[in-house]
Amino acid sequence: MAKTGVFDADLAARAARATELKKELQRLVRVIADEEECSVEVIDHAREALLALRELRARRRSSFSLRTLACPEEYRCPISKELMRDPVIVATGQTYDRPSIQKWLKAGNRMCPQTQQVLSHTILTPNHLIRELILRWCKSRGFELSEPVHCIDEDNATESERDRFLYLLEKMSSDISEQKEAAKELRSLTKRMPSFRALFGESPDAITQLLSPLSESQSQSGTHLDLQEDVITTLLNLSIHDNNKKLVAETPSVIPLLMDALRSGTIQTRSNAAAALFTLSALDSNKTLIGKSGALKLLIDLLDEGHPLAMTDVASAIFNLCIIHENRGQAVRDGAVGVILDKIANRIHVDELLAILAMLSSHQRAIEEMCELEAVSCLLGVTRETSCARNKENCIAILHTICFSDRTKLRELREEENSHRTISELAKNGTSRAQRKANGILERLNRGINLTHTA
């Protein structure tokens, strides 16, 4: 249960923030009034300060009525810690208040704040059940919950934003110094402002213009790595916008340039290229397109290198692409099984990589490779060590497939069972799927023993 002091602390923090915003707004207004040709950035900052101040005022008004109410924790937004008025569900199944999660996503974040899992998409689904429970809770305490305050559609660009957008795109066709300057600003704007991400979707040639310096450099002296990083990161920012995903992926130069970045960019560029492929692969049509391009091999190579900065984005991209069956075969042919098993054996990103391996286990060649690479002992070791139910489930599911494909592995499983009772433990206390798979293995082991005795 929340205490009144929590509300007091929140209000104090908001009051301090409002004071900061007012001071900043006064400073910006003076700059705008005093300078004959004020920069677009100053006007944009003033607009952002006004919107932030407006949101704080709205929150302050709505909070006064709740100060004396001890709100159940499950009705609070995990981000704002306040009673949710418009609860929505994100791709990971977690629920947040719409304004809070929208602000999180529009800041360019791609992970679920609670689970830290990368979001496969940014669609927000209303949680009608929680909303109804909150309404009943408020009504029982004589408090009427106000209707959700819907934010201004920040996808709508102002005239000055459109002018700046066109100006920066034009600079992408200028000399190298101006290209770098424009690319850096576009990277910043598309991260901070949804309206700039939306503008690329409204302009058919904008993405091609953005990428033109990289396309030209392929036939010239080589790519400037700082320019490449800014352009690829801008592309990532664009791909976060759901309405852009199809357009971005189907622009002919996009996937080849992302692949080039995976091969030769800085580690930050390579990581962002992988993240862009991940966000684009939220659409099944894009999964097929990316799978046919040969990008999986480059992602697997980057996974093999094991750079900590890139691992999460690379694993997420491979997982998403392998959701469709045809990409699983390609991943196996590109060496995914050996690379993944090596990382798991070294306990690197076990959660994500086990999930990929479980998917690949539907492919017969993947199972054959696992048997050749002594995967059974590795998976049994993880099963014993991990406290994560999902990891145990994935391990036992893979082991189930192996034991039904290669009888020579039954001995190893039987020894494990005799020594540690690992499989019996899962059959008793695992998830429902883990229990089914564990019981299947135990039946197989018992049948093998009976056949031996009979012989």
Side-chain angles (χ1 to χ4, degrees), residues 115 117 300 303-304 306 308 311-312 314-316 318-319 322-323 328-329 331-332 334-453:
T115 67
Q117 289 177 270
I300 292 165
L303 182 69
D304 192 20
M311 290 292 284
T312 297
V314 173
S316 299
I318 294 171
F319 178 88
C322 288
I323 288 173
R328 296 178 197 176
V332 172
D334 288 337
V337 173
V339 171
I340 290 171
L341 276 174
D342 178 66
K343 299 302 175 192
I344 292 174
N346 288 290
R347 302 303 187 259
I348 298 170
H349 282 265
V350 173
D351 298 11
E352 299 94 328
L353 297 181
L354 266 178
I356 299 172
L357 200 62
M359 274 200 297
L360 296 182
S361 66
S362 65
H363 195 278
Q364 182 56 36
R365 180 55 196 155
I367 291 297
E368 291 169 5
E369 285 191 37
M370 289 184 212
C371 293
E372 293 165 8
L373 296 168
E374 304 297 330
V376 172
S377 60
C378 173
L379 294 171
L380 288 171
V382 172
T383 307
R384 286 194 304 270
E385 294 170 18
T386 186
S387 60
C388 174
R390 184 180 175 219
N391 287 352
K392 289 179 183 289
E393 179 184 309
N394 282 328
C395 282
I396 204 69
I398 299 167
L399 289 168
H400 181 272
T401 306
I402 289 174
C403 84
F404 276 83
S405 299
D406 187 343
R407 288 188 61 195
T408 65
K409 302 301 175 183
L410 291 175
R411 180 178 177 180
E412 197 170 350
L413 291 166
R414 188 176 296 114
E415 289 173 354
E416 174 73 20
E417 181 61 14
N418 292 337
S419 301
H420 303 285
R421 306 285 293 169
T422 305
I423 304 168
S424 294
E425 178 63 26
L426 270 180
K428 182 180 178 182
N429 297 316
T431 64
S432 58
R433 179 169 176 250
Q435 288 178 1
R436 288 197 309 274
K437 300 296 184 182
N439 279 315
I441 293 174
L442 291 173
E443 288 172 12
R444 180 77 167 168
L445 293 177
N446 290 333
R447 191 159 59 246
I449 291 171
N450 291 336
L451 285 172
T452 302
H453 288 166

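For reference, positions follow the sequence shown, starting with 1.
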May I have the step-by-step check of side chain to side chain contact (heavy atoms under 4.5 Å, CB included) for T312 and Q117, ending in yes or no?
CA-CA 9 Å; T312 297; Q117 289 177 270; over 6 Å; no
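- No donor-acceptor pair under 3.5 Å is formed between the side chain of N391 and the backbone N or O of S387.
- Rounding to the nearest 0.5 Å places CD1 of I398 at 7.5 Å from CD1 of I367.
- With sequence neighbours left out, the salt bridge (charged side-chain N to carboxylate O under 4.0 Å, His left out) criterion links R365 to E368, E369, E372.
- Among all heavy-atom pairs drawn from N394 and A355, the shortest one is ND2-CA, 3.7 Å.
- Side chain of D406 to backbone of T408: a donor-acceptor contact under 3.5 angstrom is found.
- A donor-acceptor contact shorter than 3.5 Å links the side chain of Q435 to the backbone of G430.
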Should I344 and H349 be marked as a side chain to side chain contact (heavy atoms under 4.5 Å, CB included) after you check the CA-CA gap, both sets of side-chain angles, and the distance that decides it?
CA-CA 7 Å; I344 292 174; H349 282 265; over 6 Å; no
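- The SG atom of C395 sits 11.5 Å away from the CD1 atom of I423 when rounded to the nearest 0.5 Å.
- Using a 4.5 Å heavy-atom threshold, the side chains of K409 and C403 count as separate.
- For E415, the salt bridge (charged side-chain N to carboxylate O under 4.0 Å, His left out) partners at least two apart in sequence or on another chain are R411.
- The OG1 atom of T431 lies 10.0 Å from the CD1 atom of I396; values are rounded to the nearest 0.5 Å.
- Within the structure, ring pair (Phe, Tyr, Trp, His ring centres under 6.0 Å) contacts touching residues 401-440 (residues at least two apart or in different chains) are H400-F404.
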Which atom pairs, donor and acceptor, lie under 3.5 Å between side-chain atoms of residues 375-385 and protein residues at least two apart or in another chain?
from	atom 1	to	atom 2	distance (Å)
S377	OG	E374	O	3.3
T383	OG1	L379	O	2.7
R384	NH1	E416	OE1	2.6
R384	NH1	E416	OE2	2.7
E385	OE1	R347	NE	2.9
E385	OE1	R347	NH2	3.3
E385	OE2	R347	NH2	3.0

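- Of all heavy-atom pairs between A438 and A427, the closest is CB-N, 3.6 Å.
- For R328 (side chain) and L360 (main-chain N/O), no donor-acceptor pair under 3.5 Å exists by modelled atom type.
- Between the S424 side chain and the R421 main chain, no donor and acceptor come within less than 3.5 Å of each other.
- Across all their heavy atoms, C322 and M359 have their closest contact at O-SD, 3.6 Å.
- K437 places no side-chain N or O within donor-acceptor distance of the main-chain N or O of E393, the cut-off being under 3.5 Å.
- Interatomic distance, I300 CD1 to D334 CG, rounded to the nearest 0.5 Å: 5.0 Å.
- Under the 4.5 Å side-chain criterion, counting only non-hydrogen atoms from C-beta, S361 is not in contact with L357.
- Ion pair R447/E443 not flagged as a salt bridge, since none of the NZ, NE, NH1 or NH2 atoms sits closer than 4.0 Å to an Asp/Glu carboxylate oxygen.
- In this structure, M311 CE and L353 CG are separated by 5.5 Å, a value rounded to the nearest 0.5 Å.
- Under the rule for a salt bridge (charged side-chain N to carboxylate O under 4.0 Å, His left out), R390 has no partner lying at least two apart in sequence or in another chain.
- When the salt bridge (charged side-chain N to carboxylate O under 4.0 Å, His left out) test is applied to E412, no partner is found at least two apart in sequence or on another chain.
- Atom OG of S432 sits about 5.5 Å away from atom CZ of R436, to the nearest 0.5 Å.
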